[in-house]
Amino acid sequence: MIEKTKKPMEPERAVLAGLAADSMNIYDRSTEESLDELEALLETAGGICIGRMLQNRKKPEPRTFIGDGKVKELKELAKANDCTVAVFDNELSPSQMRALTEDLDLRVIDRSSLILDIFAGRARTREGRLQVELAQYNYLLPRLTGMWKHLVSQTGTSAPIGTRGPGETQLESDRRHIRRKIDKLRAELKEVIRTRDTQRRLREKNDIPVVALVGYTNAGKSTLLNTLTGAGVQAENRLFDTLDTTTRRLEVSDIQEVLISDTVGFIRKLPHHLVDAFKATLEELKYADLIVHVIDASSNECEAQIRVVDEMISTLGAGDTPRLEVYNKCDVLTADVRQRGDNIVEISAKTGMGIDILLKKIEESLSSSKKKVTLRLPYDKAGVVENIHREGVVTDTRYLEDCIELDAVLSPGLFGKVSSYVTSIHKQERV
């Protein structure tokens, strides 16, 4: 018997379109570079770009966004190449999406919808799936009317017989259903957040520093996490390859251990529904002791990507958190990056180049807030001595006649607890 093998699905054929209007701010305008990124997103989602179009106007056309002339060109391009979907680089209003769907006679999605689709396929943890589902419902709610365009509102007098009442009733029913789903998802996410808060308080109690890896999507955060910890996180050369947060222990040096977390990558024009849904996760950056900003040094858009990440960090309230800028992929550069500064490191997460320097920088950054001290504790304070051994780093112990003398490295929190036993602070040493 000959077994039949499934034929792999053909990638969906798509045309891309973007608008660069004078009235738009610089972040909303489409450029050739943002269309390149949109094409990469399409490939990540399993599609293939057949053609693309960038339109320049003074302002968006209210109904069709890019104007009737460009819509006709786009329709001809799509029809000639058997395309089934048009992907817009800008976010479309519900009415524009309906109009374009009718005029182009094919499915129309925008950048936000495409990113949501990718996230839906990548979420693995319960929290990740809840956040993506919440973002999808928030995106869908104002666009429901377009899904019922074959039915006409009951207020019109020209509606065909039999389509006036039921259509509106079903539309309102769907809206209520989605609102209930949104409320339920928000309640479930609150429980997840409550659990994370408990875990964070436990970390703070145990005084384990937290290092957060952030960066533009595909900058190499997951590869770096794997190199540092052997986490085994899937890391491929594609956008949003990793979505769910992964945290691992990392021994930075003989006296320093940290928890290091890989977070979701950022991207320009990140849908606000996603930012809102993932805010609880992303706000963990505020509680990190150190942010490691992983930068793709090989990208032509390197500086623009740095700005996107910096702005997102500030938006999430982590602008004052200590930060290291790590220029990754330096092994594929034809010219030396030659970035200079105390908080800048050049590495290759893939080859391991510069990793030892990075670990040293992480230790220095975390230790700058710590104190190397000498303490004297009476013998009846064995519990305090045990606490210092557990939460701090003891470098030397001397047993004197009337007390125990310790040389130790203490975090600010532990220093506050045992400050009454401190006899000297070695401020001149950076530990």
Side-chain angles (χ1 to χ4, degrees), residues 127 193 196-217 219-222 224-225 228-229 242 244-250 252-253 256-268 270 274-276 278-296 302-303 305-328 339-347 349 357-371 391 409-416 430-431:
E127 182 180 12
I193 293 167
R196 194 189 309 110
D197 287 342
T198 302
Q199 293 170 341
R200 183 172 60 246
R201 284 194 293 272
L202 184 61
R203 290 199 306 261
E204 291 170 350
K205 182 180 178 182
N206 293 333
D207 212 29
I208 304 174
V210 177
V211 176
L213 298 177
V214 304
Y216 207 79
T217 182
K221 300 184 305 302
S222 297
L224 179 57
L225 183 70
L228 291 172
T229 68
T242 305
D244 297 308
T245 300
T246 303
T247 302
R248 294 289 185 271
R249 283 183 179 267
L250 170 64
V252 177
S253 69
Q256 181 69 74
E257 186 180 54
V258 303
L259 292 176
I260 186 165
S261 294
D262 177 20
T263 60
V264 63
F266 299 134
I267 195 169
R268 76 187 86 189
L270 192 65
L274 267 180
V275 175
D276 290 343
F278 276 78
K279 206 160 190 177
T281 299
L282 296 173
E283 279 182 341
E284 284 289 287
L285 294 180
K286 290 194 301 187
Y287 303 102
D289 297 278
L290 176 68
I291 290 174
V292 173
H293 179 181
V294 183
I295 299 163
D296 182 357
C302 180
E303 293 303 320
Q305 292 176 3
I306 290 172
R307 286 196 298 272
V308 169
V309 176
D310 284 346
E311 287 169 10
M312 186 60 74
I313 290 172
S314 296
T315 299
L316 294 168
D320 294 330
T321 304
R323 198 181 314 177
L324 281 178
E325 290 190 347
V326 179
Y327 284 78
N328 188 28
Q339 299 293 333
R340 290 292 175 260
D342 291 338
N343 297 321
I344 292 175
V345 187
E346 296 176 21
I347 70 162
I357 300 173
L358 173 59
L359 290 173
K360 185 178 178 182
K361 286 284 188 183
I362 290 174
E363 183 181 18
E364 288 178 355
S365 298
L366 292 172
S367 298
S368 61
S369 61
K370 294 185 177 182
K371 292 180 173 64
E391 297 186 23
V409 179
L410 309 179
S411 67
L414 182 55
F415 178 81
R430 189 174 186 182
V431 295

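Starting from 1, each residue takes its place in the sequence as its number. Any value given below was found using the heavy atoms of this structure, including those in side chains, with hydrogens, waters and symmetry copies removed.
In this structure, the separation between CG on Asn328 and CG on Leu358 is 10.0 Å, given to the nearest 0.5 Å. Between Ile362 atom CD1 and Leu290 atom CG the span is 6.5 Å, to the nearest 0.5 Å. With rounding to the nearest 0.5 angstrom, the CG atom of Leu225 is 7.0 Å from the CZ atom of Arg248. For the atom pair CZ of Arg323 and CG of Asp310, the computed distance is 5.0 Å after rounding to the nearest 0.5 Å. To the nearest 0.5 Å, the span separating CZ on Arg307 from OH on Tyr216 amounts to 11.0 Å. Rounding to the nearest 0.5 Å places NE2 of His293 at 11.0 Å from CG of Leu213.
When each of Ile260, Val214, Val345, Val326 is paired with Val292, the side-chain contact (heavy atoms from CB on, under 4.5 Å) condition holds for Val326 and for no other.
Of the possible polar contacts, one joining the Asp289 side chain to the Val210 backbone as a donor-acceptor pair under 3.5 Å is found. Between the Asp262 side chain and the Lys221 main chain, no donor and acceptor come within less than 3.5 Å of each other.
Across all their heavy atoms, Ala349 and Gly220 have their closest contact at CB-O, 4.4 Å.
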Worked verdict on Leu224 versus Ile347 for side-chain contact (heavy atoms from CB on, under 4.5 Å)
CA-CA 9 Å; Leu224 179 57; Ile347 70 162; 3.8 Å; yes
Could you walk me through whether Val294 and Val309 pass side-chain contact (heavy atoms from CB on, under 4.5 Å), step by step?
CA-CA 10 Å; Val294 183; Val309 176; over 6 Å; no
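Residues Ile295 and Cys302 are in side-chain contact: their nearest non-hydrogen atoms beyond the backbone lie under 4.5 Å apart. When side chains are defined from C-beta on, Val211 does not count as touching Leu324, because their heavy atoms never get closer than 4.5 Å.
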